[in-house]
Amino acid sequence: MTCPPRTLVLPPRLTASARTLRATALRRGLRIVEATASAVPEGLGRPGWAEGTGRAGSTGCAGSAGHAGSDGHPVHLHAGPSFADVVAPTLGIALLEAPADWLARLPRTLTQRDIRATTIGEAYRLRRPAFVKSPNDKSISALVYADGSRLPGPDAVDPATVVLVSDVMTFAVEYRLHLLDGAVHAAGQYAEAGRLRLGPADGDALTFGRDVLAAAGETLPSAIVVDVGRDDEGRWAVIEANAAWASGCYSADPDRALETVLRAAGPATALSPHDRAFVR
């Protein structure tokens with residue numbers, strides 16, 4: 001049986017992580033399309049649009065059901081939200097992400113801090129330091145704000161924009177977990193004492209990741225990235241959930257990280273019933 005090769009669409013400017021995933025995809029036989037601007041690359045969706053893109057090796061058919069290209073090639077994407085929001089609908093790609101209030105709905109035993117989902121209009125009323133961020137993109141910079149008056153104003157952001165507001169928590173070490181089909185599929189350390197520091201994930205991080213999945217796995221799509229950390233007192237906590245298609249792999253196994261990305265941003269026609277509730 002001959003299977004149509006999968007294609008991975010990438011944005012114009014690649015991070016170091018994206019270059020790693022690009023090399024991994026080429027080695028595994030995926031075609032690569034790199035855009036030259038924040039729009040659908042010229043020719044995508046037309047007969048032969050993937051011709052001339054990078055390809056090496058061979059790949060099996062697993063995960064290749066459905067297609068977005070008119071030549072029958074299943075199409076996937078790895079990019080930031082701004083690029084993805086433009087390109088994915090045109091190519092029939094379903095972008096999976098966690099619900100906006102997912103972190104706020106976790107039990108305190110998994111977060112170790114108070115977190116609530118609210119509008120930025122409500123957050124303007126804050127009169128204490130708080131960590132504020134957008135749930136699923138970078139439209140509101142993830143920072144500790146001295147109070148609500150320091151947030152971007154209504155002239156820059158719609159007051160109805162949803163944000164996550166949490167107590168300030170400092171992490172001694174932080175790990176990125178790539179979750180696939182209810183398991184920790186890949187993992188690695190990305191920070192120590194607030195600074196970039198790459199390394200392997202230790203056993204305690206993996207154990208905590210499994211605890212998170214046992215408690216809240218059904219509230220996540222089948223492919224997602226969850227960041228976790230440990231504070232100076234030894235308490236483990238979920239930091240945040242991120243869309244796998246927009247997340248760096250850091251020190252995680254790139255083959256296994258790529259498998260998570262491909263599931264998280266693939267043909268809408270191949271969505272499982274469970275994942276349909278998590279499309280961006």
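Note that these values count all heavy atoms, side chains included, but never hydrogens, waters or copies made by symmetry.
Other residues sharing a hydrophobic cluster with V144 under the 4.5 Å side-chain heavy-atom criterion for ILVMFWY residues are F131, V168.
Put simply, CG on L151 and OG1 on T161 are 11.0 Å apart, with the number rounded to the nearest 0.5 Å. Atom NE2 of H185 and atom CZ of R263 lie 9.0 Å apart (nearest 0.5 Å). Between atom CG of residue D255 and atom OG1 of residue T24 there is a gap of 5.5 Å, rounded to the nearest 0.5 Å. Taken to the nearest 0.5 Å, the CG atom of L179 stands 8.0 Å off from the CD1 atom of I224. To the nearest 0.5 Å, atoms CG (D85) and OG1 (T90) are separated by 11.0 Å. We find the CG-CH2 distance between L262 and W245 to be 14.5 Å, quoted to the nearest 0.5 Å.
Here the side chain of S17 pairs a donor or acceptor atom with the backbone of C249 at under 3.5 angstrom. Within the 3.5 Å criterion, the main-chain N or O of G199 finds a donor-acceptor partner in the side chain of S251. Put simply, the side chain of H78 never gets that close to the backbone of L10: no donor and acceptor are under 3.5 Å apart. A distance-only check finds a donor-acceptor pair linking the side chain of R19 to the backbone of L14 [under 3.5 Å]. Judged by distance alone, with hydrogens and angles left aside, the side-chain atoms of N242 form no donor-acceptor pair with the main-chain N or O of D227 at under 3.5 Å. In this structure, the side chain of R195 does not engage the main chain of A193 through any donor-acceptor pair within 3.5 Å. When atom types are taken as modelled, the side chain of T118 and the backbone of A123 share no donor-acceptor pair closer than 3.5 angstrom.
Two residues are said to be in side-chain contact when any heavy atoms from C-beta on lie closer than 4.5 Å; V238 and W102 meet this criterion. Looking at heavy atoms from C-beta onward, D167 lies in side-chain contact with R128 at the 4.5 angstrom threshold. Side-chain contact between S141 and K133: absent, with no pair of heavy atoms (C-beta onward) separated by less than 4.5 Å. Between R28 and E259, the closest side-chain pair of non-hydrogen atoms falls below 4.5 Å. By the 4.5 Å heavy-atom criterion applied to side chains, I120 and Y124 are counted as neighbours.
Residues L220 and W236 share a hydrophobic cluster, clusters being chains of Ile/Leu/Val/Met/Phe/Trp/Tyr side chains in contact below 4.5 Å. Under the 4.5 Å side-chain heavy-atom criterion for grouping Ile, Leu, Val, Met, Phe, Trp and Tyr, L103 is not connected to I140 through any hydrophobic cluster. With hydrophobic clusters built from ILVMFWY side chains whose heavy atoms lie under 4.5 angstrom apart, L106 shares a cluster with L213. I93 and L96 fall into different hydrophobic clusters, where Ile, Leu, Val, Met, Phe, Trp and Tyr are joined by side-chain heavy atoms under 4.5 Å apart, directly or via other members. Cluster annotation: I115 is not connected to V132 through the hydrophobic network of ILVMFWY side chains, with a link wherever side-chain heavy atoms come within less than 4.5 Å.
Between H73 and P5, the closest heavy-atom pair is CB-O, 3.5 Å. Here the closest heavy-atom approach between residue P254 and residue L21 is recorded as O-CD2, 3.7 Å. Summarising the geometry of Q112 relative to M169, their closest heavy-atom pair is CB-CE, 3.8 Å, with the distance given to 0.1 Å. Taking every heavy atom of both residues into account, L77 and V261 meet most closely at O-CG1, 3.7 Å. Contact record, A100 with L164: O-CD2, 3.6 Å, taken as the closest heavy-atom pair. Of all heavy-atom pairs spanning R113 and S166, the tightest one is NE-OG, 4.0 Å.
With hydrogens and angles left out, the side-chain atoms of R105 and T219 include no donor and acceptor closer than 3.5 Å.
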Trace of the side-chain contact (heavy atoms from CB on, under 4.5 Å) decision for H178 with R256: CA-CA 8 Å; H178 295 258; R256 296 175 75 83; over 6 Å; no

side-chain contact (heavy atoms from CB on, under 4.5 Å) assessment of V157 paired with S139: CA-CA 9 Å; V157 181; S139 60; over 6 Å; no

Derivation of the side-chain contact (heavy atoms from CB on, under 4.5 Å) call for I239 and E174: CA-CA 8 Å; I239 299 172; E174 301 170 48; 3.6 Å; yes

Full working for side-chain contact (heavy atoms from CB on, under 4.5 Å) between F208 and V212: CA-CA 6 Å; F208 182 68; V212 173; 3.7 Å; yes

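Because its NZ or CZ atom is both nearer than 6.0 Å to the ring centre of Y190 and within 45° of the ring axis, R176 counts as a cation-pi partner of that residue.
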